[in-house]
Amino acid sequence: MPSSALLPGDPVPADGRLPAQAAVNSAERGFGAYVHVPYCRVRCGYCDFNTYTATELGSTNQSNYTAEVLQEIAFAKTALQLSQVPQRPLDTVFFGGGTPTLLPAGDLVKMFNGLKNTWGLTADAEVTTEANPDSVDYSYLEELRDAGFTRISFGMQSAVAHVLEVLERTHDPSRILPVTKFARELGLQVSLDLIYGTPHETLSNWRESVLTALACEPDHISAYALIIEPGTKLAAQIKRGKYQMPDDDTQADMYELADKLFSEAGYRWYEISNWERGGSYSRHNLGYWQGANWWGFGPGAHSHVGGVRWWNVKHPRVYAARVRAGVSPGYAQEVLDPHARHTERVLLESRIRWGLPLQALTAQERSRVAGLLTQELVQPEPLFAQQRIVPTLKGRLLADQIVHQLLG
């Protein structure tokens, strides 16, 4: 879900050709695709993603979007060939938003087929779409399943009506159970997204949401702390005093409660805000955390290939004009130098269950690990047995502190 903010960077060539570094550094990594669908029925008050309602888009025709993404897919193939990036089948595909399932299922299938016909898929490819609980039914999910989708990520957020009201989520919380049941009956993996720390949400409210999510028997659960982004409607409401955020201790209690209940139900954490059972972690998101390659399609989408990162223009109208003209929709790019790549690796891999290898650190950084152990921020067993830095529960709550101490 790309942010609505556009970062500065170097210009992207009109033909999309990537710097030479991309071909050199991408050879040992898999390749994924992210498709951003920027449409929402309403804009939630906390949301800072690059999304638009029909009113905001005016004359921009949503029905043309599939054709525009297919044009970018064709453009991407040529750009990667020009860049001499090794071609390989996609191991993950992820449709995010916005609400991808506001489009007809057939449109998602056409975009997926465009990706599949261009690059091919690995035999075990993971193919996910996000969905609001009220935007799909059995037949919609069945059409996706028949086309090759393997996974649905439902934006549940909360099971408590007044919490959903603060977030301006429009779905009926009672809709969660039947749609997850539909997906499971069709053999699709199910993920549920939760948000904690909403203004006026109590620990009891949060417990209700967690238990409701567990009753749906998902394969995967995400639980993210609410972040108040400047410029959002909710930020303005808090500033005016309409709402008050829970304090840090309450948010920590909510995280610890969720981790306890998830663990008791057989789920394992694998990233600070994500839990799975049966090996059903999000391979697509794990690729982000482990520095994989992916091309992001659609307005505002971000991409990364071999240490080169770029991001598209954000407005659907500007995006459409560029892809129709056969030029890159990229707004700007950056080439990550060795220092930036190292910093990102420490930041991201210290957040996951597989941990950060000690050999990835400099000698000076390794000398600081003992302090993390003394503070009980990292687990001793993987540190000594596997030479990997894996955070404890306390370390997950203080993840930024781990990074700051390591990097000095």
Side-chain angles (χ1 to χ4, degrees), residues 2 6-36 67-96 111-127 283-313 319-345 348-349 360:
L6 278 173
L7 301 173
D10 298 324
V12 176
D15 63 3
R17 191 188 305 256
L18 303 176
Q21 176 176 333
V24 174
N25 293 328
S26 64
E28 301 303 320
R29 299 283 186 172
F31 192 68
Y34 171 79
V35 180
H36 185 63
E68 293 157 4
V69 170
L70 290 173
Q71 286 177 290
E72 189 185 1
I73 290 171
F75 178 88
K77 180 179 181 180
T78 301
L80 290 171
Q81 288 172 338
L82 288 172
S83 308
Q84 299 184 344
V85 171
Q87 300 294 293
R88 53 173 52 88
L90 299 170
D91 45 30
T92 66
V93 177
F94 195 103
F95 287 79
M111 288 186 278
F112 171 55
N113 285 339
L115 293 166
K116 181 169 61 174
N117 294 337
T118 300
W119 282 286
L121 296 174
T122 59
D124 62 345
E126 174 192 272
V127 184
R283 287 164 47 205
H284 185 84
N285 286 341
L286 188 61
Y288 294 154
W289 299 317
Q290 294 183 324
N293 303 305
W294 75 91
W295 191 295
F297 299 90
H302 285 229
S303 305
H304 171 265
V305 175
V308 179
R309 182 181 292 123
W310 69 98
W311 43 98
N312 285 350
V313 293
Y319 168 80
R322 291 205 182 183
V323 296
R324 288 172 185 167
V327 299
S328 173
Y331 174 80
Q333 68 179 15
E334 63 176 338
V335 177
L336 301 176
D337 61 26
H339 175 73
R341 297 185 76 184
H342 175 73
T343 299
E344 288 198 359
R345 185 175 186 186
L348 296 172
E349 292 189 23

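Numbers here simply count residues along the sequence, with the first being 1. Since the model is a prediction, treat every value here as computed from it, not as a measurement.
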Rounded distance (nearest 0.5 Å) linking atom CD of Gln290 with atom CZ of Arg345: 9.0 Å
Sidechain-backbone polar pair: Trp310 side chain, Asp10 backbone, donor-acceptor under 3.5 Å: no
Donor-acceptor pair, side chain of Gln21 and main chain of Val308, under 3.5 angstrom: no
Minimum heavy-atom distance Gln84-Ala23, with the two atoms named: O-CB, 3.3 Å
Residues which pass side chain to side chain donor-acceptor pair (under 3.5 Å) with Arg17, listed by chain and number, not counting sequence neighbours: Asp15
Atom pair CZ/OH of Arg283 and Tyr288 - distance to nearest 0.5 Å: 13.5 Å
Worked verdict on His302 versus Tyr34 for side chain to side chain contact (heavy atoms under 4.5 Å, CB included): CA-CA 8 Å; His302 285 229; Tyr34 171 79; over 6 Å; no
Identify every side-chain donor-acceptor pair in residues 68-76 under 3.5 Å, counting partners at least two apart or on other chains, and give the distances.
unit_1, atom_1, unit_2, atom_2, d
Glu68, OE2, Arg324, NH2, 2.7
Glu72, OE1, Gly298, N, 2.9
Glu72, OE1, Tyr319, OH, 2.6
Glu72, OE2, Trp295, NE1, 3.2
Glu72, OE2, Asn312, ND2, 3.2

Residues in side chain to side chain donor-acceptor pair (under 3.5 Å) contact with Gln333, at least two apart in sequence or another chain: none
Pairwise side-chain contact, Met111 with Phe297, heavy-atom cut-off 4.5 Å (strictly under): no
Test side-chain contact (heavy atoms from CB on, under 4.5 Å) applied to Leu90 and Thr122, Val127, Leu115, Thr118, the passing residue: Leu115
Worked check of side chain to side chain contact (heavy atoms under 4.5 Å, CB included) between Trp294 and His304: CA-CA 5 Å; Trp294 75 91; His304 171 265; 3.5 Å; yes
Closest contact, heavy atoms only, Gly296 versus Ser303: N-OG, 2.7 Å
Side chains of Val12 and Trp311 in contact at under 4.5 Å (non-hydrogen atoms): no
CG-NE2 distance between Leu286 and His284, expressed to the nearest 0.5 angstrom: 11.0 Å
Heavy atoms from other residues, nucleotides or ligands near CD of Gln81 exceed 12 (cutoff 6.0 Å): yes
CG-NZ distance between Asn117 and Lys77, expressed to the nearest 0.5 angstrom: 10.0 Å
Nearest atoms (heavy-atom pairs only) where Ser83 meets Gly16: OG-O, 4.3 Å
Straight-line distance of Trp289 CH2 to Leu348 CG, nearest 0.5 Å: 9.5 Å
Interatomic spacing from CG in Leu80 to CG in Leu18 - rounded to 0.5 Å: 6.0 Å
For Pro19 against Val335, the heavy-atom pair lying closest together: CG-CG2, 3.7 Å
